[in-house]
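Working notes for the structure below.
Here, residue 1 is the first one in the sequence, and each next residue gets the next number.
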Amino acid sequence: MNFFSYLRVETGRLFREKNTWLVILVTMICPLAGYGIYQPAGTSTTASVALANPVLAGGLGGAILFAILTLLEFDRVYKARTDALTHSIASPILLSVVKLGSMLAATLAAVLFTAVAYLPYTIYRMDVVFRFGDYLNCFFLLMLPSLWLAILAASAFYQIFRRIDLSFVLFVVFTFFSLSTWCADEYLLRWINPLVPILSSDFSNGVVFRTAGYSRLLWFVLLIGLWLLSLLCVRNHGKGLFGSFVYNARRVYVPVAAVSLICSAVFLYASEPYIDHSPMRVYDAGTGAGEMAVSVINPYVEQNPDLILLDTRLSIDIDAAHSKLKSTAVYQLKNSSGQPQECILQMNPGYSIGGITANGIAVNFKDKKNDHDQMKDIVCPLPADSEIMLEVTYSGHPKIWSKVRAFFSGPQIEKDYVNLGGIHLRPVINATPGGKAGLSGEITLPDNLVLVSTGESAKVLCENNNGTKTWQVHSLRGNVSLFAGDYMKLKIEGGGMPIYFYYSQKHQKQMEELGIKRVLEDTIAYCTEQYGLLPYKEEEPLGILQSSAYMFGGGVSGNLSVMDEACFSKEGLVNPQKGSNSAEVMAHEIIHQWWGNSAYCMDMENLNWTNEGVTVYTTYRLMKEKHGEDYAKKNYVDVWKALWKDQNSNFYVRNPEYLNILPEKYISRLQTQISSINTYSNMALKIYKAARLVGGEEKMDAILAGLYKNSKTKMPPYITWHDFLNACGLTEEDLNIDENI
């Protein structure tokens, strides 16, 4: 009999076993835990709730169940003491390969049955955002490989030790390693539970499936290599472990293949293509409880005063299907020194320079490959010419900043979504911007995508004959951010200025249910009455835009207020520091057009004084007017107080001298958390306390409005913490937070 005959017989026997069908049935039940018990992808989007979490729960539960079944099946002949008989019929090595093949077939059947069983409910639950491609990827890229890897690991342990108990203990340890905090941020180390921070309902999930696929490839290569080594340990001719290993190693191709695969896995790990190598930033800790100090680090190089940037032109071809771009950036420079200059370009580490010319002459450049703060430095010499036309060609796919690798957050180029800006769009040059240094560009995209940009509204320049469109963008600020997707455009009334809301077509139903138009108009009307009009015109209107879920929150970029899709979903997680529900988080981000984009709060002596505290407080005031004092106190003031108390109860906040014993990534994570609470909740609490001391919240409204208006003419052109204290007639000590606030 040949291998396939043995495999057919063994697979048929396996499917006649009651234990096999019991494991398949329980595996099919495991995804139910993802609807409420085990939710690693969170509950911010419909796709996470209805698809990602059930699949991840099914993968984890099914992997453990099939690992147990694998151990029982591999031990069957030894437990029944029929190994001498079976080994006389066929090679024990061949039989091990056959058993492995039959177990893999059983898991494939289990996942197929599970995928078919959950399909109707998933379609019903996800409704218009259901995508069959994502459904298949979740079951056959996220779930199925977990079961196969579990079988490889369990059978490898058994073939080495030939003991169920010891093999199961080792498998449990191996599983806990994948589930541990050591692997929480490292998608490559998570073999049983792939990293899925969230699953987008409206836009592409390519980043999740690419990283999961790469991780799966690495672990398959590694575990197959280890399994081949364990195959040499299969007991043969009554020999023990070492005797069998020596005897089986006569098949030289087996150990050679095993070592080659293990070395390939090491190479795959070292060549990981999606995350940059920026080091973690660890800052000095302060000594005050709840006031952990964080140093301000500017990752950009100092501007060269002898180089003046007059204009920037871009020509970018975005290959969305392959998540890449190819581009040329042309910088018009003035060299006022009369001497050769050194130019430094900073760009995303995922891009490579194809060539650099200055006034048409190729110049040597050096890619320092010094990943830091999601960028790398390119150094090139410039001639002494007074006028320089610097042309840079570059291409590649943007890498994710290592600091946010646990969230896959950052620039994206996907088949149905693009998010690029700053160093992720083009190299940033260390020249001093001239008075009217603008940026213009031609962006070629798939014709199914609508481009939205900061600056002037993007316009279609031409429709190409290859399924793409070329758009024209322009910004007088010298910088531009791009978003592209299946966007619908809604005009918002109010505020005496042009305002447009861009959202995915798939989200139209949710937008209507949220009453999004009313929320936006109420927020804009309140801020316009309180602080005044924003300087927008029809050529450069205010845009409010829905981004992918991987943005995790919102932000302001030029004349765009951007919020991730979770802010618009029923399942959206609430950020208690910004608002009590998704609509109020949206209000928070819109208020940033006044506090953050129009007026700026900053103080080098108090790093917690930022736009966030004032914006949080303004959101509280808006919601108090809309919903009353009880609502505002419960959903804002009480939340701020609770976060302040939790922060002060943290051991490392009360004893910062012990921080040094923690690994760097935990220190960085804690400092980020503390900084967030200080800038959002604690600063809002201080403004809330100041309002009580100056005579009431209406008085504080007037003080903030005065600071906002005065910031337009004062120097320096930002509002400091001392400006706020002086306007209130208070001291730093007056605003210390205590239990009685």
Gap between atom [atom2] of [Y] and atom [atom1] of [X] - 0.5 Å precision:
X      : Y      : atom1 : atom2 : result
Lys645 : Ser681 : NZ    : OG    : 13.5 Å
Leu534 : Asn597 : CG    : CG    : 8.0 Å
Leu704 : Gln530 : CG    : CD    : 7.5 Å
Tyr631 : Met623 : OH    : CE    : 7.0 Å
Ser453 : Leu560 : OG    : CG    : 7.5 Å
Ile591 : Tyr526 : CD1   : OH    : 7.5 Å

Practice prompt. Begin from the C-alpha positions of Thr114 and Phe139 and carry the test side-chain contact (heavy atoms from CB on, under 4.5 Å) through to its verdict.
Written response: CA-CA 8 Å; Thr114 306; Phe139 276 95; 3.8 Å; yes

Are any non-hydrogen side-chain atoms of [X] and [Y] less than 4.5 angstrom apart?
X      : Y      : answer
Ser409 : Trp401 : no
Val616 : His588 : yes
Asn348 : Lys399 : yes
Leu142 : Asn137 : no
Leu420 : Pro398 : yes
His372 : His277 : no
Trp471 : Val450 : yes
Tyr274 : Tyr187 : yes

Item to complete: Find out whether the Lys NZ or Arg CZ of Lys489 is both under 6.0 angstrom from the six-membered ring centre of Tyr502 and within 45° of the ring's axis.
Response: no

Worksheet entry | Working for side-chain contact (heavy atoms from CB on, under 4.5 Å), residues Ile316 and Leu425 | CA-CA 9 Å; Ile316 301 176; Leu425 182 65; 3.4 Å; yes

Can you check whether [Y]'s main-chain N or O pairs, donor with acceptor, with [X]'s side chain at less than 3.5 Å?
X      : Y      : result
Glu272 : Ile275 : yes
Ser200 : Phe203 : yes
Trp219 : Leu188 : yes
Gln546 : Glu565 : no
Tyr417 : Ser548 : yes
Asn559 : Pro541 : yes
Ser475 : Val480 : no
Tyr351 : His424 : yes
Ser48  : Ser44  : no
Asn650 : Val653 : yes

Please report the closest heavy-atom contact between [X] and [Y], naming both atoms and the distance.
X      : Y      : answer
Ile413 : Ala320 : CG2-CA, 3.9 Å
Leu189 : Cys183 : CB-SG, 3.7 Å
Ile400 : Arg405 : CG2-CA, 4.3 Å
Thr45  : Leu199 : OG1-O, 2.5 Å
Gly422 : Val428 : C-CG2, 4.3 Å
Pro54  : Tyr35  : CG-CE2, 3.5 Å

Discussion item. Assess the residue pair Tyr135 and Phe130 against the criterion (ring pair (Phe, Tyr, Trp, His ring centres under 6.0 Å)); give the C-alpha distance rounded to whole Å, side-chain angles, the decisive distance to 0.1 Å, and a yes or no.
Written reply: CA-CA 8 Å; Tyr135 190 82; Phe130 175 81; 5.8 Å; yes

With a 4.0 Å cut-off on N to O distance, would you call [X] and [Y] a salt bridge?
X      : Y      : answer
Lys641 : Asp646 : no
Glu414 : Arg210 : yes
Glu186 : Arg190 : no
Asp630 : Lys634 : no

Worksheet item: More than 12 heavy atoms of other residues, nucleotides or ligands under 6.0 Å from NZ of Lys415: is that the case?
Response: no

Discussion item. Are there over 12 heavy-atom neighbours, none belonging to Phe407, within less than 6.0 Å of that residue's CZ?
Written reply: no

Discussion item. I'd like to check the salt bridge (Lys or Arg N to Asp or Glu O under 4.0 Å) partners of Lys506; sequence neighbours left out, ordered by chain and number.
Written reply: Asp486

Worksheet item: Which residue, Ser178, Cys138, Ser146, forms the side-chain contact (heavy atoms from CB on, under 4.5 Å) with Pro194?
Response: Ser146

Discussion item. Run Thr619 and Tyr636 through side-chain contact (heavy atoms from CB on, under 4.5 Å) and show every step you take.
Written reply: CA-CA 9 Å; Thr619 309; Tyr636 288 85; 3.6 Å; yes

Worksheet item: Could you go step by step and tell me if Thr618 and Tyr531 meet the side-chain hydrogen bond (donor to acceptor under 3.5 Å, both in side chains) rule?
Response: CA-CA 11 Å; Thr618 303; Tyr531 306 119; 3.2 Å; yes

Worksheet item: Which residues satisfy the side chain to side chain contact (heavy atoms under 4.5 Å, CB included) test with Ala599, sequence neighbours excluded?
Response: Trp595, Tyr708, Ser711, Ile719

Worksheet item: With a 6.0 Å cut-off on ring centres, are Tyr121 and Tyr118 close enough?
Response: no

Discussion item. Could you tell me if Gln505 and Asp202 have a donor-acceptor pair between their side chains, going purely by distance under 3.5 Å?
Written reply: no

Worksheet item: With no hydrogens and no angle check, do the side chains of Ser561 and Gln593 hold a donor and an acceptor under 3.5 Å apart?
Response: yes

Item to complete: Could you tell me which residues satisfy side chain to side chain donor-acceptor pair (under 3.5 Å) with Lys324, sequence neighbours excluded, listed by chain and number?
Response: none

Practice prompt. Could you give me the CA-CA distance, side-chain angles and deciding distance for Asp185 and Lys403, then say whether salt bridge (Lys or Arg N to Asp or Glu O under 4.0 Å) is met?
Written response: CA-CA 9 Å; Asp185 298 344; Lys403 185 175 181 180; over 6 Å; no

Item to complete: Dump the intermediate steps for side-chain contact (heavy atoms from CB on, under 4.5 Å) on Leu545 and Phe501, then the final yes or no.
Response: CA-CA 6 Å; Leu545 180 136; Phe501 176 45; over 6 Å; no

Fill in: salt bridge (Lys or Arg N to Asp or Glu O under 4.0 Å) evaluation trace for Glu629 with Lys633
CA-CA 6 Å; Glu629 182 175 356; Lys633 182 177 183 299; over 6 Å; no

